[in-house]
Each structure stands twice: as C-alpha cells, then as structure tokens.
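Beneath this line is the structure, given in structure tokens, with notes to follow.
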Amino acid sequence: MPGTSPARSGADVPAQRSPSPSAAAPGRGAGRWTVLVVLCASLLLIAIDATVLHVAVPALSADLRPGPVELLWIVDAYPLVCASLLILFGTLGDRIGRRRVLLFGYAIFGLASVLAVLAHSPGVLIAARALLGVGGAMIMPATLSLLRHVFPDRRERALAIGVWSATAAVGAAAGPLVGGLLLEHFWWGSVFLLNVPLMALALPVGRWLVPESTGEGSGPWDVLGALLAAGGLASAILGVKQIGDGRPTHPGTAALLLAGAVLLGWFVRRQRRRARPLVDFAAFARPAFGTAVSCIVLTVLALVGLALMAAQYLQLVLGLSPLETGLRLLPLSVAAVAAGLAGPRMLRALGPRAMVAGGFLLTAVAVLGLTSLGERDDPAVCVGAFLLLGYGLETVLFGAYESMLSDAPAEQAGGAAAIGETAYQLGAGLGIALLGSVMNRAYGSAVEATPDVPADAARAAGHSLGEALEVADRLGGAAGESLRHSARLAFVHGLQVTLLVSAALLLAGALAALRLPRALPRTDDRAGKVPAQPGHPAPDGDALPQRVTHR
C-alpha cells in the first residue's frame, strides 16, 4: 500500500517507534481512505441485514408458515448470536489478526446468506440467521478496530469514525427501505440474496487492500474467558428479550437472567485476576472510556424500541406501504450522514462533553416533538423530528465511540471495539424490553376496555396492533370498526407514553455525558502525539507494540 513500509515476503514486521505517529502508521497515504471505503461497505451490509427483515416478515410468514415461537427466533437469532460473540471475536482478532477474522466473517456471512435464500423451512432459516450472526460478530468489531490501527492520528481517525458510525446509522435506517424496494418486485429471499455477490467481492478486495494487524500477542488467548462472556451475554440478552415479550415472571426468564449473571460475574472475576485479560475492566473507571460505553447503552436503550414502533405506526396507523415507510424514515439517514461528516469539526470545537451532552438534548427535543403525532398523518412533524433525531443520535454515537476507541490502547483495539458493539446490542435488548413493556401495558389496557367487543376478542387484540386489526376484520360490522378505531387510538397513546419515557432516558444520558472530558487532550503540534498522563495510556497508543503485515 502507498506510504507503508516494505514487507519481507509477507512476514510479520514489527512497527518501529518513530518521532511521528504517522511515520510508521499502516495505511498511511491515499490507501487508508480506500481501506475506510472497504470497511464501511461491509459494515453497511451488516447494518442493513439487522433491520431489512422487519418488512419481509409478512411475506416470509405466508410462505414458510412459521409458528409464533419460530417467527420470534427468525427475527431474534441474528442479533442474539451476534451480540453474544462480539467479545469473543473482537479479542480473537487482537491475537490472530483483525483482517483474518474480518475475511472469515465475510465468508461465513456470504455462505449464511446463501443458506437463507434456499431455506425451505423455518428451522433452516433460523439456522441461517444464527450463522449470519456469527459472521456479523466477526465483521463488526474488526472494522472498528482496524480503523483504530489504520488511522493512528486522532484528527483523521475522528473523521473515519464519523464516516463509520454514519454508515452504521444509514444501514439500520435503510434496511426497511431496501426491503420494501425488493419486496415490491421479488420474493422475501431477495433480502438475503443481495449479500451473496457483495461478500464474494469483499473477500478478494479485503485481502488485497486491508492491512493485517494484531495486538502485542504475548501469552495464551483466554478461551474459557471468551466462552464465559459468550454464554453470559447470550443468557442475559435472551432473558431480557423474554421480559420484552411479556414473560417477566416465567421461570425460564429468571433462570436465564440468573445464568447470565453467574457467567458474566465469573468472567469479570477471571479477567481481573489475569495479567493479560481479554477485557481490561480498569478502563471503565476512566471517564473517557467508561462514560462513553454507558452513553452508547443509554442512547440505544432509549431509541431502538422506538424504531420498531415508528414502523408500525407508519404502516398500521397511517396505512403507508413498506416502501413509503422507508422513504418517510429517510430524513433520519440523511441527518445521520450530515452529523457523521460534521462530527470531527464539532468534536474539536465543542469537546467530547458538550458534544455528547448536546446530542442527547437535541435527540430528546426530537422525541418530545413526536408526541404531537396522532391518527392523522403530519408529514412536516415527522420529517422535522426525524431530521433532529438522526442528527442528535449520530452526534452522541460519534462522540462516544471516538472517545472510547481513542482512550483504549492500540493493542486492545479489537476488545475495545467489541465492548462498544456489545454495549450497543445490550442497549438494544434492554430498550426493546423496557420500552416494549411500557408500550404493551399502555396499549393493552386501553384496547381491552373497548365497549361492545367480546372479552376474548379484546384480549387477543391487546397483544399487538397488527393482531387487533386482524380481529377487527373477523368481527366486522360496528364491533369491528369500534375495535379498529380503539386499537389505533390506544397505539398512539402507548406510543406517546413510550416517547416520554425515552425522553427521560435521553436526559439521563445528557447528565451522564458530563463525566466525559471537557476537551480533547493537548496534542504536540510537531509530532501529532498526545502526552501520556500518569497511570493512563497514551490515547493514540504509539508506544504499544503492534505487529503489522502488508501484503
């Protein structure tokens, strides 16, 4: 690659300490921006795949006829497996090579997509979605940790992280739009078919353009610790999902939460006793790292459930098609891209504390603005609120990810990236459980009180708005029309209550962000380095050993 030191027959070449962090930086020169494009392109696919299935569920259900539990697993298998394995594969990449893990992730993701396209039964599709989660868990932390390596200069890395986080936001928001476009013309399997040629292209391009890097690599990799983290996260997230599905008192929910707590507690205790832990829990005591992780959790917790509810509101209350729903959410993506590109300048001007806290406040204003929505369509309010929401959300995530990754030593970049992504997934699980419970309680109690509707029909309608509309169609006549109107009003009421809870969480996030550093560390203008503080690693990690391979 241009600007990199020559390699000896592809052997691992130790990076040499130099007066400037840029002198020996891998990916230095025009090639590092090409690497950014490759990494963001793969991240875009992963982000799209996380939400593209939402609009395909009706068509998929009509074809495969899954039961309620099978349908739940078709939707949840991907995020559950992905979240459980992030720490395992993130820390493995630090040991055996981040590019190597990335390329394996590409291959697994492509093969899983083929399996999903060919699925002829719910069980096969569930297995394919779980395998997609394995590939996603290999790709996501690898992309972020490679950015930490390819962009050692914090100012350039800030721009790269801005593009990276904007790509993730765009992919998640574009999932329903892409799914709607495909389902207008093709069958449900087309939402997976798109991945196959792109992953086939990503494998040779990634091997050719992306430089290999590892951490210090001394000492054995803690296999037991990685498995404890995976098992603990899987149990905890599945338990939280059980709560979100309305089963908080089920014995299985308590067993899952207890197992998650025991395994994660064992994992934390084991890591604190190891000389070279997979996760350095002492880092959480540092404001730039620990607070950034908590801000990621709070942001996603407050907003992820709203994304699902917004899609239901637009389709079931306002009657928009999947394609129209995706287009209505498009301003959120546009604003997120703008915030990601403006992020580095905002970070330098405002500093991490003001930037993240301001992003939380802006997002809270947007969420409160959405409480004015009702049964009638108000495009101006929707567009304005989604623009503020996208800009504020991306501002928070950019500032938090940049602070977290810059604070972590370079040798632990994969582990730090995995912690950030795990925080995101954990926040998503908690958000769906918490906001889903608030929504279900507010909605269900209002629907079940509908007059002139049989009690059993009212109870069935209280499960969800989609089910209420089906029950109303079966009832027909005045009772059906009354239930339909009541269910829509109840959904709007539940959405407004949920938005208020979300706004409160965002305000709590703004308070938490006050623990972040007020300004960026002072940089040596001649060398571009940040002076190390006593007991605190240099944010750019220049002094830490990195093994770099260029092929």
Side-chain angles (χ1 to χ4, degrees), residues 35-36 38-50 77-116 127-150 164 167-168 171-172 192 195-196 198-215 217 221-223 225-231 233-234 237 278-279 401 405 412-426 428 549:
V35 171
L36 176 63
V38 173
L39 296 178
C40 286
S42 57
L43 176 66
L44 182 66
L45 278 180
I46 301 300
I48 287 175
D49 212 72
Y78 175 84
L80 176 64
V81 172
C82 185
S84 304
L85 298 178
L86 285 166
I87 289 178
L88 189 155
F89 287 124
T91 56
L92 180 63
D94 287 339
R95 292 304 179 101
I96 70 170
R98 295 150 189 157
R99 185 188 67 173
R100 181 175 298 171
V101 171
L102 179 72
L103 296 181
F104 272 115
Y106 286 162
I108 291 174
F109 203 84
L111 291 173
S113 298
V114 173
L115 183 61
R129 290 279 290 168
L131 197 57
L132 281 168
V134 175
M138 301 176 89
I139 294 170
M140 289 170 69
T143 59
L144 190 53
S145 59
L146 281 164
L147 288 186
R148 175 68 173 84
H149 167 67
V150 174
W164 180 91
T167 300
F192 300 108
N195 299 334
V196 178
L198 294 176
M199 285 300 169
L201 178 63
L203 270 168
V205 171
R207 191 179 189 284
W208 179 43
L209 293 177
V210 178
E212 181 62 284
S213 72
T214 63
W221 184 55
D222 185 10
V223 179
L227 294 176
L228 287 174
L233 286 169
I237 293 172
L278 294 175
V279 175
Y401 272 112
L405 200 62
Q412 297 175 3
I419 289 172
E421 293 302 311
T422 302
Y424 189 101
Q425 298 292 340
L426 182 62
T549 302

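This is a predicted model, so every value here is computed, not measured.
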- Task: For the residue pair V35 and L39, establish whether any side-chain heavy-atom pair is separated by less than 4.5 Å.
- Result: yes
- Results of side-chain hydrogen bond (donor to acceptor under 3.5 Å, both in side chains) for Y106 - residues two or more places apart only: S42
- Message: How long is the straight-line distance from CZ of R207 back to CZ of R100, given to the nearest 0.5 Å?
- Response: 10.0 Å
- Query: Would you say R129's side chain and A77's backbone share a donor-acceptor pair under 3.5 angstrom?
  - Reply: no
- What one should report as the nearest heavy-atom pair of V38 and G206 is CG1-CA, 4.3 Å
- Message: Looking at every non-hydrogen atom in both residues, tell me the closest pair between G135 and F109 and how far apart they are.
- Response: C-CD1, 4.2 Å
- Task: Grab the two heavy atoms, one from V210 and one from R99, that are nearest each other, plus how far apart they are.
- Result: O-CD, 2.8 Å
- Task: Could you pull out all residues at least two apart from A137 that satisfy side-chain contact (heavy atoms from CB on, under 4.5 Å)?
- Result: C82, L85, L86, F89
- Task: Please name all residues satisfying side-chain contact (heavy atoms from CB on, under 4.5 Å) with A226, sequence neighbours left out, ordered by chain then number.
- Result: L88, W221, L278
- Query: Looking at CG of L36 and CG of L43, how far apart are the two atoms once the value is rounded to the nearest 0.5 Å?
  - Reply: 10.0 Å
- Look up atom CG in L92 and atom CZ in F104, then write down how far apart they are to the nearest 0.5 Å. 10.0 Å
- Kindly give the heavy-atom pair with the smallest separation between A130 and V81, and that separation in Å. O-CG1, 3.4 Å
- Task: With rounding to the nearest 0.5 Å, note down the distance linking CG in L103 to CD1 in I139.
- Result: 9.5 Å
